[in-house]
Novice: 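The structure that follows is given in the form of structure tokens.
All heavy atoms count here, side chains included; hydrogens, waters and symmetry mates do not.
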Amino acid sequence: MNWRMNWRISKKSIWCIVAVSLVFHLMIVKVQSAYFPLYDQIRTISVFVVIVMLVSHIKIFFQKKNDIILNSIVLLFMLEILYSSHINSNYSTSRFYASLQFAAGVAETFFVFEYVQYISRIDLAKKIIYYWTLFYCTLSDLLFIINPSVYGTADGFLIGNKFQISYLHIMLLVFWKMRNEKMSKNKKNIALLHIIWAASVSLYTGCSTALIGLFIVCVIWLLKGILSTILNRWEIAIAVLAVCDSLLLVNAAVLSNKYVSYFIQNILGKDATLTGRLRIYSVIQNAVIQNIWFGQGFENNHSATMKAAMAANAQNGILDCMISYGLVGVILLGLIVIFSFIRGKQKSDFEQYAMAYTFIAISMVEITLNREFIFFVVMIAACWKYGEAKEESRGLL
């Protein structure tokens, strides 16, 4: 009897390790095809592997009212992204598998994380996520130290461009903090090392927005006593998102303020137009209104933005989402944020909120309402709170 009980627990742990590892690679890490040509194919296969792993547990996700509402919206969001890709298949850049990876990755991450909570493997899942992130940060950094001319250029890092590598180091810090709520002196030193590591990478890559993001995360943590009962409210999240992503779009006068101008030019080291962002904002509506309801398709974002504004991306979170999957998709994403915050209120780690708000703040000038942002929203929805179910996962990893 005891042997059978241990085997059941072991199977749950194996399920957790495999499923969480797969959705982590679907949502957080994308190794550049130049270094690993088969990575995209493996990700696509992973989508179907996770479906097989989830199919026998499907009833669990539609038992309670709040779960039914949130998970139904998530499925609608997935279908909307796929539909957007389908109706824009005439683009030369159209790659349906890219939309499939993103859309299915979002839905599967919700279901996997909810099931992890259901089987009490939260602590184990956090370890898996942290160690995978540590692995890729370490490997990428070692490669650009050993061979900077290949692995250390702006767009040539192992897992992407300077933004992706810099943000991943910030997430490493957050994932570590999620596993270490109570801070001893030694743990404070480890946290400081993570901060220095993240800051050093951001400085090396020249990613000023990542430095600001790191600063925002640390400030939010320092103000936890004040903000812990504020930031978990969906009304605050939506309000902050609306203000951040509309401020520069509707009020260019903000940039003419002498203090704002000083900060931009002397602290960020950018020109007063935020490296041409004002020009992009003035013409990008052409890409938005071309298909305002369903967008241009997730995988066509770059080509649509280049055509409309001669820019790699919209340089704004909401505008980027509008181009990818339109107003319908943006509304569904907003509903996902709302119901995730409702479901996770007072049941999720404060660090998850800190990182979600950091991505929201940066989305004022960057496209950070993406996979990584949704990943943290999912953790909030799944009620991943520190220290739960440690007994079941003790000794693993």
Novice: Over 60° means perpendicular and under 30° means parallel, so classify the ring planes of Phe359 and Phe373, tilted if in between.
Specialist: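 Because their plane-to-plane angle is over 60°, the rings of Phe373 and Phe359 count as perpendicular.
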Novice: What I'd like to find out is whether the side chain of Tyr130 reaches to under 4.5 Å of the side chain of Leu172, using heavy atoms alone.
Specialist: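 Tyr130 vs Leu172: side chains touch.
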Novice: Give me the atom names and distance for the closest heavy-atom approach of Gly105 to Leu26.
Specialist: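 Reported closest heavy-atom pair: CA-CD1, 4.2 Å.
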Novice: How about CE on Met306, more than 12 heavy atoms from neighbouring residues, nucleotides or ligands closer than 6.0 Å, or not?
Specialist: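 Enclosed: over 12 neighbouring heavy atoms sit under 6.0 Å from CE of Met306.
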Novice: Checking Asp67 side chain against Gln63 main chain: does a donor-acceptor pair fall under 3.5 Å?
Specialist: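 Such a contact is absent between Asp67 side chain and Gln63 backbone.
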Novice: Please check this pair: side chain of Asn300 against backbone of Ser94, looking for a donor-acceptor N/O pair closer than 3.5 Å.
Specialist: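 Between the backbone of Ser94 and the side chain of Asn300 there is a qualifying donor-acceptor contact (under 3.5 Å).
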Novice: Is it true that a side-chain atom of Gln164 and a backbone atom of Asn161 form a donor plus acceptor pair closer than 3.5 Å?
Specialist: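 Side chain of Gln164 to backbone of Asn161, a donor-acceptor pair under 3.5 Å: yes, one is there.
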Novice: Does Ser99 use its side chain to pair, donor to acceptor, with the backbone of Phe96 at less than 3.5 Å?
Specialist: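 No, Ser99 side chain to Phe96 backbone: no donor-acceptor pair under 3.5 Å.
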Novice: Can you confirm whether Phe36 is buried at CZ, in the sense that more than 12 heavy atoms of other residues, nucleotides or ligands lie under 6.0 Å from that atom?
Specialist: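 Counting other residues, nucleotides and ligands, CZ of Phe36 exceeds 12 neighbours.
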Novice: Could you see if Phe48 belongs to whatever hydrophobic cluster contains Val55? Use Ile, Leu, Val, Met, Phe, Trp, Tyr and a side-chain cutoff under 4.5 Å.
Specialist: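 Shared cluster, no.
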Novice: In the single-linkage hydrophobic clustering (I, L, V, M, F, W, Y; side-chain heavy atoms under 4.5 Å), do Ile196 and Ile165 co-cluster?
Specialist: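 Per the 4.5 Å side-chain linkage, Ile196 and Ile165 are not co-clustered.
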Novice: Heavy atoms only: give me the nearest Glu108-Val47 pair and the separation to one decimal.
Specialist: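 Nearest pair, atom of Glu108 first, then Val47: OE2-O, 2.6 Å.
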Novice: Please assess Met355 against Ile170 for the test side-chain contact (heavy atoms from CB on, under 4.5 Å), listing each intermediate value before the final yes or no.
Specialist: CA-CA 9 Å; Met355 196 68 224; Ile170 300 175; 3.9 Å; yes
Novice: Going by the ring-ring contact (aromatic ring centres under 6.0 Å, His included) test, name the single residue among Phe350, Tyr357, Phe175 that passes it with Phe376.
Specialist: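 Output: one option passes, namely Phe175.
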Novice: Going by heavy atoms in the side chains, are Ser85 and Phe102 under 4.5 Å from each other?
Specialist: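 Side-chain contact under 4.5 Å: no.
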Novice: What verdict does the side-chain contact (heavy atoms from CB on, under 4.5 Å) test give for Asp320 and Asn370, after you've listed the backbone C-alpha separation in whole Å, the side-chain angles of each residue and the deciding distance to 0.1 Å?
Specialist: CA-CA 9 Å; Asp320 180 68; Asn370 48 20; 5.7 Å; no
Novice: Apply side-chain contact (heavy atoms from CB on, under 4.5 Å) to residues Leu369 and Asp245 and explain how you reach the verdict.
Specialist: CA-CA 10 Å; Leu369 302 181; Asp245 281 44; 3.8 Å; yes
Novice: Rounded to the nearest 0.5 Å, what's the gap from CD1 on Ile69 to CD1 on Ile338? Could you check?
Specialist: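 Ile69 CD1 to Ile338 CD1: 12.0 Å, rounded to 0.5 Å.
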Novice: Under 3.5 Å, is there a donor on one side chain and an acceptor on the other for Thr209 and Tyr167?
Specialist: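 Per modelled atom types, Thr209 and Tyr167 side chains form a pair under 3.5 Å.
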Novice: Look up atom NE2 in His194 and atom CG in Leu134, then write down how far apart they are to the nearest 0.5 Å.
Specialist: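 These two atoms lie 6.5 Å from each other.
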Novice: Please determine which of Phe294, Tyr325, Phe298, Trp293 meets the ring-ring contact (aromatic ring centres under 6.0 Å, His included) test together with Tyr83.
Specialist: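 Of Phe294, Tyr325, Phe298, Trp293, ring-ring contact (aromatic ring centres under 6.0 Å, His included) with Tyr83 is met by Phe294 alone.
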Novice: Quick one: closest heavy-atom pair of Met178 and Asp349, and the distance?
Specialist: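 Minimum heavy-atom separation between Met178 and Asp349: O-OD2, 3.7 Å.
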Novice: Which distance, rounded to the nearest 0.5 Å, do you find between the CG of Leu319 and the CD1 of Ile280?
Specialist: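 Taking CG in Leu319 and CD1 in Ile280, the distance rounds to 10.0 Å.
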Novice: Whether the side chain of Tyr35 engages the backbone of Gly156 through a donor-acceptor N/O pair (distance < 3.5 Å, no angle test) should be reported.
Specialist: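 Present.
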Novice: Cut-off 3.5 Å, side chains only: do Thr305 and Asn313 have a donor facing an acceptor?
Specialist: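 No donor-acceptor contact under 3.5 Å links the two side chains.
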Novice: Using the ring of each side chain (for Trp, its six-membered ring), is Tyr136 parallel, tilted or perpendicular to Trp132, with breaks at 30° and 60°?
Specialist: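 Taking Trp132 first and then Tyr136, their aromatic rings lie parallel (interplane angle under 30°).
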Novice: Using only atom types and a distance under 3.5 Å, with no angle test, would you say the side chain of Gln296 pairs donor to acceptor with the backbone of Ala287?
Specialist: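 Looks like yes, one N/O pair under 3.5 Å.
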Novice: Which distance, rounded to the nearest 0.5 Å, do you find between the CD of Glu372 and the CZ of Phe163?
Specialist: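 Glu372 CD to Phe163 CZ: 13.0 Å, rounded to 0.5 Å.
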Novice: So, for Gly329 and Phe77, which heavy atoms are closest and what is the spacing to 0.1 Å?
Specialist: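 Scanning both residues completely, I find the closest heavy atoms to be O-CE1, 3.5 Å.
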Novice: Quick check on the hydrophobic clustering: are Phe135 and Val201 connected, directly or via other members, by side-chain heavy-atom contacts under 4.5 Å?
Specialist: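 Per the 4.5 Å side-chain linkage, Phe135 and Val201 are co-clustered.
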Novice: Measuring from atom CG of Leu38 to atom OG1 of Thr44, what distance do you get when rounded to the nearest 0.5 angstrom?
Specialist: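 One finds 11.0 Å between CG of Leu38 and OG1 of Thr44.
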Novice: Could you tell me which non-hydrogen atom of Ile226 sits nearest to which non-hydrogen atom of Thr229, and how far apart they are?
Specialist: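 Distance-wise, the nearest heavy atoms are O-OG1, 4.2 Å.
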Novice: Taking Arg43 for the side chain and His25 for the main chain, is one N or O donor matched with an acceptor at less than 3.5 Å?
Specialist: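 Yes, because the side chain of Arg43 sits within donor-acceptor range (under 3.5 Å) of the backbone of His25.
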Novice: Mind telling me whether Phe341 and Tyr353 have parallel, tilted or perpendicular rings, with 30° and 60° as the class edges?
Specialist: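 Taking Phe341 first and then Tyr353, their aromatic rings stand perpendicular (interplane angle over 60°).
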Novice: For the OG atom of Ser208 and the CD atom of Glu366, what is their distance to the nearest 0.5 Å?
Specialist: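 Interatomic distance, Ser208 OG to Glu366 CD, rounded to 0.5 Å: 7.5 Å.
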Novice: Is a donor from one side chain sitting under 3.5 angstrom from an acceptor on the other, for Asn301 and Glu299?
Specialist: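 On atom types as modelled, these side chains do not qualify, holding no pair under 3.5 Å.
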Novice: Give a yes or no on whether Val283 and Ile318 share a hydrophobic cluster (residues Ile, Leu, Val, Met, Phe, Trp, Tyr; joining criterion: side-chain heavy atoms under 4.5 Å apart).
Specialist: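 No, no single cluster joins them.
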Novice: Val23 and Phe110: side-chain contact (heavy atoms from CB on, under 4.5 Å), yes or no, with the steps?
Specialist: CA-CA 10 Å; Val23 297; Phe110 265 95; over 6 Å; no
Novice: Which heavy atom of Ala314 sits nearest to which heavy atom of Ile367, and what is that distance?
Specialist: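 Of all heavy-atom pairs spanning Ala314 and Ile367, the closest is N-CG2, 4.3 Å.
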Novice: Whether Asp40 and Arg95 form a salt bridge (side-chain N of Lys/Arg under 4.0 Å from carboxylate O of Asp/Glu) is what I want to check.
Specialist: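 Between Asp40 and Arg95 there is no salt bridge, as every charged N stays at least 4.0 Å from the carboxylate O atoms.
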Novice: Run the salt bridge (Lys or Arg N to Asp or Glu O under 4.0 Å) test against Lys224 and tell me which residues pass, sequence neighbours left out.
Specialist: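 Lys224 satisfies salt bridge (Lys or Arg N to Asp or Glu O under 4.0 Å) with Glu181 once adjacent residues are dropped.
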Novice: Under 3.5 Å, is there a donor-acceptor pair between the side chain of Thr205 and the main chain of Ser202?
Specialist: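 At least one qualifying donor-acceptor pair exists.
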Novice: Looking at Gln32 and Phe157, would you say the former's side chain and the latter's main chain have a donor-acceptor pair under 3.5 Å?
Specialist: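 Indeed, once roles are kept as given, a pair shorter than 3.5 Å links the two residues.
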Novice: Please answer whether the main-chain N or O of Cys321 pairs with a side-chain N or O of Ser324 as donor and acceptor at a distance below 3.5 Å.
Specialist: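 No, Ser324 side chain to Cys321 backbone: no donor-acceptor pair under 3.5 Å.
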Novice: Could you please spell out the steps behind the ring-ring contact (aromatic ring centres under 6.0 Å, His included) verdict for Phe375 and Phe113?
Specialist: CA-CA 10 Å; Phe375 193 82; Phe113 284 10; 5.2 Å; yes
